[in-house]
There are 2 protein chains.
Amino acid sequence: MSLAPAKQASPLGCCAPLSREPLTEEGAERAAALLKALGDPVRLRLMSLVASRDGGEACVCDLNDAFELSQPTISHHLKVLHEAGLLDREKRGVWVYYRARTEVLNELAALIGGAA
Amino acid sequence: MSLAPAKQASPLGCCAPLSREPLTEEGAERAAALLKALGDPVRLRLMSLVASRDGGEACVCDLNDAFELSQPTISHHLKVLHEAGLLDREKRGVWVYYRARTEVLNELAALIGGAA
DNA sequence: CAGAGACATAGACATACGTAAATATATACA
DNA sequence: TGTATATATTTACGTATGTCTATGTCTCTG
């Protein structure tokens with residue numbers, strides 16, 4: 001039994017840069033799923049709010065107040081980001097904290113911008 | 001009258017990296033539009049096919065054959081990428097060539113992965 | 001154990017999206 | 001001028017998406 005915290009596999013985990021060689025069908029599926037999750041203004045701001053926080057994590061309670069949207073709507077968007085593999089989720093007492101998976105963001109960045 | 005070829009403004013043209021500071025509402029709007037355009041497997045492969053080509057451009061005739069989709073569907077996706085500002089379009093005789101705007105891809109990459 | 005607060009889930013609704021078939025436009029060439 | 005070829009536009013249709021209201025679940029505290 002390893003004592004190290006379980007390190008989830010990246011939802012992308014592949015692929016040379018876009019401009020270097022044509023994406024495979026499966027690589028495109030995986031990358032597009034991430035891009036689609038980020039392709040909504042609210043989710044992108046949520047991602048940014050979490051990622052730019054000290055420690056790369058934020059409580060839902062803080063996030064709700066940053067938008068003029070209902071709490072369930074924010075919850076829904078966080079779920080989309082979480083299921084895409086872009087946010088980690090941890091419950092601490094009554095509060096839920098989301099943490100940005102910056103490795104995934106970096107992989108994605110390398111994929112779309114990795115060439116010269 | 002300038003003789004240099006018109007250099008279009010980037011559709012993003014802004015914003016510190018996601019993880020560095022919270023995106024503004026407008027910055028998120030612009031970036032999300034690009035991400036959304038890329039957030040479809042077919043469009044992402046199209047983008048990759050064009051960008052990875054020698055010279056960074058490809059003829060529609062080549063692109064159509066790479067998918068088992070109707071010609072109008074490919075045309076539609078190319079239009080989406082073009083209108084998002086990710087592909088330039090040039091007609092040469094009977095053929096139409098699309099060219100990848102790699103500066104835009106790079107800006108986007110810097111936005112989502114720009115931090116450490 | 002009851003009540004309150006934090007967050008998630010379910011259901012409903014209007015709008016947007018991906019796709020295809022049919023049609024239009026434009027260019028080349030006989 | 002007429003026909004063939006390359007690409008775009010239009011229309012239509014089923015499905016997915018973003019949002020809300022209402023409700024459920026979990027956790028702390030009195």
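To find a chain, count down the sequence lines: A is the first, B the second, and so on, and within it residues start at 1.
Using a 4.0 Å heavy-atom cutoff across all strands shown, A:Tyr98 reaches sugar-phosphate atoms only and no base atom. Within the 4.0 angstrom heavy-atom criterion, only backbone atoms of the sugar-phosphate kind lie near B:Leu69; the bases stay farther away.
Residue B:Lys79 places its side chain closer to D:dT9 than to any other of C:dC7, D:dT9, D:dT7. Distance from the side chain of A:Val94 is smallest to C:dA6 among C:dA6, D:dA8, C:dC7.
A side-chain donor from one of A:Arg43 and A:His77 sits under 3.5 Å from a side-chain acceptor of the other. For the residue pair B:Glu107 / B:Ser10, a side-chain donor-acceptor distance below 3.5 Å is found, with atom types taken as modelled.
Per the geometry, CD1 belonging to B:Ile74 stands 12 Å off P belonging to D:dT7, to the nearest Å. Atom NE2 of A:His76 is separated from atom C1' of D:dT21 by 15 Å (rounded to the nearest Å). Following rounding to the nearest Å, B:Gln71 (CD) and D:dT10 (P) show an atom-to-atom distance of 14 Å. In this structure, the CD atom of A:Glu90 is 15 Å from the C1' atom of C:dC7, given to the nearest Å. The CZ atom of B:Arg92 sits 17 Å away from the C1' atom of C:dA28 (whole-angstrom rounding). Rounding to whole angstrom units, CD of residue A:Glu83 and C1' of D:dT17 are separated by 14 Å. Atom CG of A:Asp40 and atom P of D:dG18 are 5 Å apart (whole Å). For B:Glu68 and C:dA20, the CD to C1' distance is 15 Å, given to the nearest whole Å.
OP1 or OP2 of D:dT17 has at least one side-chain nitrogen or oxygen of A:Lys36 nearer than 4.0 Å. OP1 or OP2 of D:dG18 lies within a sub-4.0 Å distance of a side-chain N or O belonging to A:Arg43. The phosphate of D:dC26 has neither OP1 nor OP2 within less than 4.0 Å of any side-chain N or O from A:Lys91. Phosphate proximity of D:dT19 to A:His77: present, with a side-chain N or O under 4.0 Å from OP1 or OP2. Taking side-chain N and O atoms only, B:Thr73 has a distance below 4.0 Å to OP1 or OP2 of C:dA20. A sub-4.0 Å separation between OP1 or OP2 of C:dA8 and a side-chain N or O of A:Arg89 is present.
Nearest-nucleotide assignment on DNA chain D puts the 5′-proximal partner with B:Ser75, out of A:Gly39 and B:Ser75. Residue B:Val60 is the one, among A:Pro72 and B:Val60, whose nearest nucleotide of DNA chain D lies closer to the 5' end (criterion: closest heavy atom).
A salt bridge links B:Arg92 to B:Glu57: one of the charged nitrogens lies within less than 4.0 Å of a carboxylate oxygen.
Criterion: ILVMFWY side-chain heavy atoms under 4.5 Å apart, direct or through other members. Under it, B:Leu87 and B:Leu69 are part of a common hydrophobic cluster.
Taking both residues in full, the closest heavy atoms of B:Ala37 and B:Val80 are given as CB-CG1, 4.3 Å, listed atom of the first, atom of the second, then distance.
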